[in-house]
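One structure is given here, and the rest of the page talks about it.
Keep in mind that what you see is a predicted model, and the values were worked out from it rather than measured. Convention: sequence-line order gives letters A, B, ...; per-chain numbering from 1.
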Amino acid sequence: MVSKTEEARVAVLENQVDNGGGGAWEYLCLVRKLKLRRSDKVLKHGLSILNDPGKRSSLGPEEWTLYEQVAIAAMDCQCLDVAKDCIKVLQKRFPGSKRVGKLEAMILEAKGSWAEAEKAYSSLLEDNPLDQVILKRTATMAKAQGNLSGAIELLNKYLEIYMADQDAWRELGEIYVSLQMYKQAAFCYEELILSQPTNPLYHLAYADVLYTLGGLENLQSAKKYYASATDLTGGKNTRALFGICLCTHAIGQLTKGRNKEDKDSSELQSLAATALEKDYKRIAPAKLSSLTSTLKSLNLSS
Amino acid sequence: MGPGFVAGVLGVLILSHAAYSTIQYRSLLKITEEEFSGPPINVVVELLLGLVFCIWAALTVPGQFRSILPHSEENRVVSLPANLDFMIFNHRGKAFPLDVDLKLK
């Protein structure tokens with residue numbers, strides 16, 4: 001999870017490092033801790049540390065972590081020579097290590113030689129058939145080859161064993177959404193909400209899926225989840241506020257003609273619309289006019 | 001060593017002094033053969049003062065309190081981490097290789 005203060009800290013450090021202000025190691029640590037994907041920057045600044053023997057030796061045992069981080073970043077940037085060199089260093093230090101073996105298989109993946117990568121992974125799995133990281137990599141490889149149904153199958157098999165793995169549920173949910181299998185995706189997001197009920201982004205994603213599914217019941221629960229996301233963010237999530245407005249509009253369209261419409265829900269939508277207007281007035285006054293026209297077209301203008 | 005720490009040390013000293021004076025008071029009562037009904041008023045005041053100092057130190061010395069509200073700036077989740085376990089490499093970045101010639105020496 002990346003909180004607001006951490007996000008600001010990353011932005012400051014990134015700016016400082018990019019302008020040659022030092023603090024590269026701190027930046028790399030933060031990127032690793034928050035699991036951000038800034039491969040080009042990690043590659044550039046990580047290599048500058050690794051190529052400086054003084055700086056490198058001052059890291060102590062953390063040096064090897066940095067080699068791993070840079071190797072993966074290099075694969076992501078298609079600098080396979082750098083990745084190979086890093087892995088060579090790691091292999092000299094840790095011969096026979098599984099973690100290095102995974103890196104070697106990943107470089108095969110980055111090269112695009114799928115058959116060899118598969119062979120490498122299956123030989124790693126022979127030693128430990130329940131290795132979480134390797135099982136996830138096999139599913140990822142299926143996805144990288146465009147075989148999404150295969151990836152779903154592998155992920156489902158993986159989740160039967162490790163059902164507490166949130167990352168895997170998230171990945172499965174995203175794959176289902178990309179295939180427009182919204183019912184299955186909704187199930188994944190339900191799992192995520194169960195495991196982390198205070199994370200507003202899961203509520204938001206679940207509400208998005210429900211809104212896309214449509215139908216009166218789904219729209220009503222989508223609105224509830226948008227409302228809970230608003231609650232958990234203290235009303236600072238614009239997407240959730242827009243979601244409330246859109247859900248109210250869609251419910252209104254569906255129940256048009258039918259008389260019943262409870263009062264409190266109309267209060268919620270007008271509150272959301274007011275909050276949106278206030279935010280736009282403060283942050284982007286130039287776009288306020290298009291917001292008011294949008295809200296007017298949704299019959300929500302206050 | 002901020003003022004909180006000094007106040008804590010002072011509070012502990014005051015408390016131990018209060019304990020010491022209570023013991024002395026009881027031994028005095030034993031000599032005069034009176035019943036012990038409660039500590040004298042100056043010891044009670046001393047105790048309260050020591051308590052206040054200790055509470056103040058305990059609240060300030062260990063560090064800042066963190067907010068427990070989910071929507072406070074420290075806790076508000078603004079983005080999820082990139083799912084690095086499921087990172088794939090054949091993305092469109094492949095078509096834009098980095099210009100700089102990077103090399104591990």
For residues 141-155 of chain A, tabulate all N or O donor-acceptor pairs below 3.5 Å that involve a side-chain atom, not counting sequence neighbours.
{"residue": "A:K143", "atom": "NZ", "partner": "A:E171", "partner atom": "OE2", "Å": "2.6"}
{"residue": "A:N147", "atom": "OD1", "partner": "A:G150", "partner atom": "N", "Å": "3.0"}

Output a table of donor-acceptor pairs, distance under 3.5 Å, between side-chain atoms of residues 32-47 of chain B and any protein atom two or more places apart or on a different chain; print 'none' if there are none.
{"residue": "B:T32", "atom": "OG1", "partner": "B:L28", "partner atom": "O", "Å": "3.2"}
{"residue": "B:T32", "atom": "OG1", "partner": "B:L29", "partner atom": "O", "Å": "3.2"}
{"residue": "B:E46", "atom": "OE2", "partner": "B:H17", "partner atom": "ND1", "Å": "2.3"}

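Ranked by heavy-atom pairs shorter than 4.5 Å toward chain B, the options A:E7, A:K236, A:E109 are led by A:K236. Most heavy-atom pairs under 4.5 Å with chain B: of the set A:M75, A:E174, A:R170, A:R137, this distinction falls to A:R170. Among A:A139, A:G112, A:A168, A:P200, the residue with the largest count of heavy-atom pairs under 4.5 Å with chain B is A:A168.
Between the side chains of B:H71 and A:D231, no donor-acceptor pair is found at a separation under 3.5 Å. Side-chain N/O atoms of A:Y162 and A:Q132 include no donor and acceptor closer than 3.5 Å.
Pairing each heavy atom of A:Y121 with each of A:T138, the nearest pair is CB-CG2, 4.1 Å.
Contacts between A:D85 and chain B at a heavy-atom distance below 4.5 Å involve backbone atoms as well as side-chain atoms. Heavy-atom distances place the backbone of A:L36, and not its side chain, under 4.5 Å from chain B. Proximity to chain B (any heavy atom under 4.5 Å) is shown, for A:N237, by neither the backbone nor the side chain. Heavy atoms of A:N199 lying under 4.5 Å from chain B belong exclusively to its side chain. Within the 4.5 angstrom heavy-atom criterion, atoms from both the backbone and the side chain of B:N83 approach chain A. Residue contact with chain B, scored on non-hydrogen atoms closer than 4.5 Å, involves the backbone of A:L34 exclusively.
For the pair B:E74 and A:K4, the salt-bridge criterion is not met [side-chain N within less than 4.0 Å of a carboxylate O].
A tilted orientation is assigned to the rings of A:H203 and A:Y225, their planes being inclined by 30° to 60°.
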